[in-house]
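See structure below.
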Amino acid sequence: MVPRYSYTGPIDHTIAPNLANAKGKSVIITGGANGMGETMVRAFSAAGAFVTFADLHPRGDDLAKELNADGEKTAFVKCNICDWDSLITVFETAKAKSPHHSVDIVIANAGISRSSGDSLWNLDDPNGPPTKPNLNIVRVNMDGTFYTWKLAVHYFRQQPDSADRDRCFIMTGSMVAYIDSPGNWEYTATKYALRGFMKTVRRSSWEQGIRINYVAPCWIKSAIRTKEYEAWLIEHGIEFGEQADCAGAMMRIACDKTVNGRSLMITPRTVAKEGFVDVDKEDYSEPRDEYFIKKQATQLRIIEDKWLDDYKTGSRAETVNAIYSHIIRSHLSNFTRVFWRIKAICSLDEDVVSSTPVPLRYPLDLESFIRLIGTSGYVGSTIPNVRPQAANMTMMTTHIPVPSSMFAWRKHKGCPDPVWEEVPVPTTPPRGFLVKLLASGVCHSDHSLLTNEKQRPWFQDKWTLGHEGCGEIVQIGCDAKEAGFQVGDRIATIAVPGCGLDDCPECSRDLAQLCERAHHAGIGQDGFYAPYAALDIRAVVRVPDGIPSAVAAVATDAVKTSYHAITRRAEVKAHETVFLFGLGGLGFNALQIVLHIGARVIVSDIRQERLDEAARFGVPQQDLVPPGKSIQDFVRENGLQGKIDTTLDFVGTDQTFQDAQNIVRRGGKLLCVGTLNEENRIDMKIGIQKRLSIIFTYGGQLRDLKEVLDLISKGVIQPQVETAGLKDFPRILKELCDGQIKARVALLYETS
Ligand SMILES: [Zn+2]
Ligand SMILES: [Zn+2]
């Protein structure tokens, strides 16, 4: 039994192999007549294993004779590993002659190096005809090793997967798979290839009780080299490993069944006194490799192939799995659709199925589905092989595979910190889409959503945060097929799209953003800090090409809210003069919108660098209020009294609210967006005598988002966005609350 491969750190090379575990084992070693291979043959033989070794070199006969002097402990088979039939003889010999008629350990050691000529490296006369390379090194090192693997698997599976047997495959690789070795083209390619082969195989071989490992020798002392050449190499800084340590590394792996999916390198004994260590470069575990760690995790999630006999054999079970999977994916909601799907996939006879209708409802369960298939008489004894987990297998190439669960940042009632939690991937709504998120904006309101427990009626006890999403459609609901969207379309989202119904007190008055009936993504109900989200048709807008997903994500809230506020609530016009308080994320977007409208805008912010940024966007110096300067003094000294038509308050402190009432002209408007103070004072005398309008704004609507994306794609608005990873959410939120973030942050999801 070999457990599923997972990285648990390098193996401890200092543990001496328990040679007793080699006793009685049947070991095959290719390339065993000379050098490292010979050392391995001798070591396993000395430990009491039965060794069958293969080599082209006839010297193997002498070696076998020597080792068999006191009883047959080895067998030599003259063999070219590229010759399939003679390689079969090697395995048959091992099985016939070994004490337990088994094959336990296979060391694919044979290979050739550049000394036999690298056919890619040779330069032809450019004026003559090109020479077709023979790729000999590739043929021997790759084909030969793959043949050896194929036969190893075959013979391993002939014996029980029991405690006294083993299914151990080891390849001799090379350090050139880790360091660059100039001029060594074919050889390097093959040794990298075998290293890669080990990595892909280790993810599945355990399912057959097989373990696979890689051993990478460095420069090894060898009788083939002359003493002079060896001296010259040492002079040039080469440190040699010992042949015996190659055998030692093989023995360490062979005698310890827990070693699987590792690469050991042979080192000079000055590096490790055992002469080998775990390379420890086959897995990612460093923070700088976070991207690769994530990629690896998704790869393992989406590829669910099993290396098992009853899997993917073209059987009925496979077909049933495929259909079931497809139905789960498509969320077909009634029997008719299920039937048509079955018919399409299986070519079932219509009469048979319709005469035995088992009522199926989404969500469809496996039992009732099997009952349906079973009553149709099409599936017999293979049904018990249907494993529910295989329902996730991705047979349907027209579908983007979707996992069944995912990790998300969630709000738990009573808990002020976000919870990183595994939840099911949502199902595709009939009138909407399943969307794979690409980016999601972090918003100040995430903080109050987490910390404020007095929430609105639709709030659930546990829900996924994130209300600013941009993603890609992966599935389309059955009633959304005509909506004009395709799988793969990139869309931006409206967190609160509204129900849109005539009898809705809000939607019927064009206040969809206040609708209490429809979903509130990331505001008390599941939102976008997760890899997938379910969205209604009303909640999505296609993102024009050229707008980065991070920008589209923040556009959905920070820009859309500003746009709605400026254009639909304050109704700022080109001939007006407005006063803008606050150049945070929303404020800066508002500035660009006002500049686009063409109004004069006086700007105040306590941060000089934000004012400098405003100047870069075209605000004249005289319209920037220096930090620390009294607003009312500034207005008086600059002759702006009675000239400010509208104040745009993106701060919302008592101070800004007081200033706004004082500086705005008679009949003017006060637009309130920011809420830094929960309560602010109205001066009733000023309000009445100047006949002011105080205007609040909240969110925005689909048409706002459409217009905003259009303006962004034309370059009119350039939202300022920084990016981070989904996992960084708590840190980003803290930095946002601590004022360390200039504008807006979008969390990026991996794309694949
Ligand atoms: Zn927000
Ligand atoms: Zn509504």
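Atoms within each ligand, like the ligands themselves, are counted from 1 in listed order.
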Just verifying a value: how many Å separate L624 CG and D612 CG, rounded to the nearest 0.5 Å?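 The CG atom of D612 is 8.0 Å from CG of L624, to the nearest 0.5 Å.
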
Side chain to side chain contact (heavy atoms under 4.5 Å, CB included), paired with V572, selected from T567, V601, L648: L648

What do you get for the angle at the Zn ion (ligand 2) between SG on C507 and SG on C504, to the nearest 10 degrees? 110°

Under 2.8 Å from the Zn ion (ligand 1) - protein N/O/S, by chain and number: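 As for protein N, O or S atoms lying under 2.8 Å from the Zn ion (ligand 1), they are C443 SG, H467 NE2, D557 OD2.
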
Is the ring pair F729/Y529 parallel, tilted or perpendicular, if the boundaries are 30 and 60 degrees?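 Ring orientation of F729 relative to Y529: tilted.
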
So does [X] have more than 12 non-hydrogen atoms from other groups sitting under 6.0 Å from [atom1]?
| X | atom1 | value |
| --- | --- | --- |
| Y284 | OH | no |
| E679 | CD | no |
| D503 | CG | yes |

